[in-house]
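Predicted model, so just to flag it, every value in this text is computed and none were measured. Atom set for the values below is all heavy atoms of this structure, side chains included, hydrogens, waters and symmetry mates excluded.
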Amino acid sequence: MAEDIKPEEASTSDWVMQQPRAIYFLNQANHAVRSRLEAALSALQMTGIQYTVLSVIGSRDGLSSAELSRRFFVTPQTMNELIGGLQRRNLITRKEDPANRRILRMSLTTEGKRMIKACDAAADTVEREVFSFLPQESYQQLRDLCRLVARNLRERDEPSKGE
């Protein structure tokens, strides 16, 4: 699992870059998968980023917009626009944090939970279509490696705990 994999501290001189680059293939795969997901979600009047944000809020109730913006590598202003749209559609609610009233904590509404189920079904179809050619073990390894890369980048970008 990704939790078991630790990024090795290797100097950049230890790495042998290959052409075409891994980031090129990652970007190509991202665009292809995102376009399929966007098409599947359009029937629900959802975008991929809206669905992903709802999923994260559903699994981590009480997150703030700032926490989400860091998780998604977007500016707080961009995340606030996205959150505002979800709130207007009655998919999420925001409540003041008792310890700091300037922080608004988010939760899914009943409609938001219903939407997640519908989006999950669409995403399941896309994920099967995209990855079913892989053996289950390879699919799991790919998932874990992508998670590790995202976590590593997020942790690098997070301000230190002392700030």
Closest heavy-atom pair and its distance - [X], [Y]:
X    : Y    : answer
Q45  : Q50  : O-OE1, 4.1 Å
M46  : C119 : CG-SG, 3.9 Å
E38  : G48  : OE2-N, 2.9 Å
S65  : N80  : OG-OD1, 2.8 Å
I116 : Y51  : CD1-O, 4.2 Å

Do [X] and [Y] make a side-chain contact, defined as non-hydrogen atoms from C-beta onward lying under 4.5 Å apart?
X    : Y    : answer
L68  : I57  : yes
S69  : T78  : no
R60  : E67  : no
L153 : V149 : yes
R71  : R154 : yes

I'd like to know if [Y] and [X] are part of one continuous hydrophobic network [Ile/Leu/Val/Met/Phe/Trp/Tyr, side-chain heavy atoms within less than 4.5 Å].
X    : Y    : result
L148 : F72  : no
L91  : L104 : no
L142 : V33  : yes
L54  : L44  : yes
I83  : I103 : no

Atom pair [atom1] ([X]) and [atom2] ([Y]), whose distance is rounded to the nearest 0.5 Å:
X    : Y    : atom1 : atom2 : answer
L108 : R114 : CG    : CZ    : 12.0 Å
N152 : L145 : CG    : CG    : 12.0 Å
T109 : I92  : OG1   : CD1   : 8.5 Å
E127 : S132 : CD    : OG    : 10.5 Å
Y139 : D144 : OH    : CG    : 10.0 Å
M106 : T93  : CE    : OG1   : 9.5 Å

Open item on the list: Apply side chain to side chain contact (heavy atoms under 4.5 Å, CB included) to residues Q141 and R143 and explain how you reach the verdict.
Closed with: CA-CA 5 Å; Q141 288 172 336; R143 181 188 170 280; over 6 Å; no
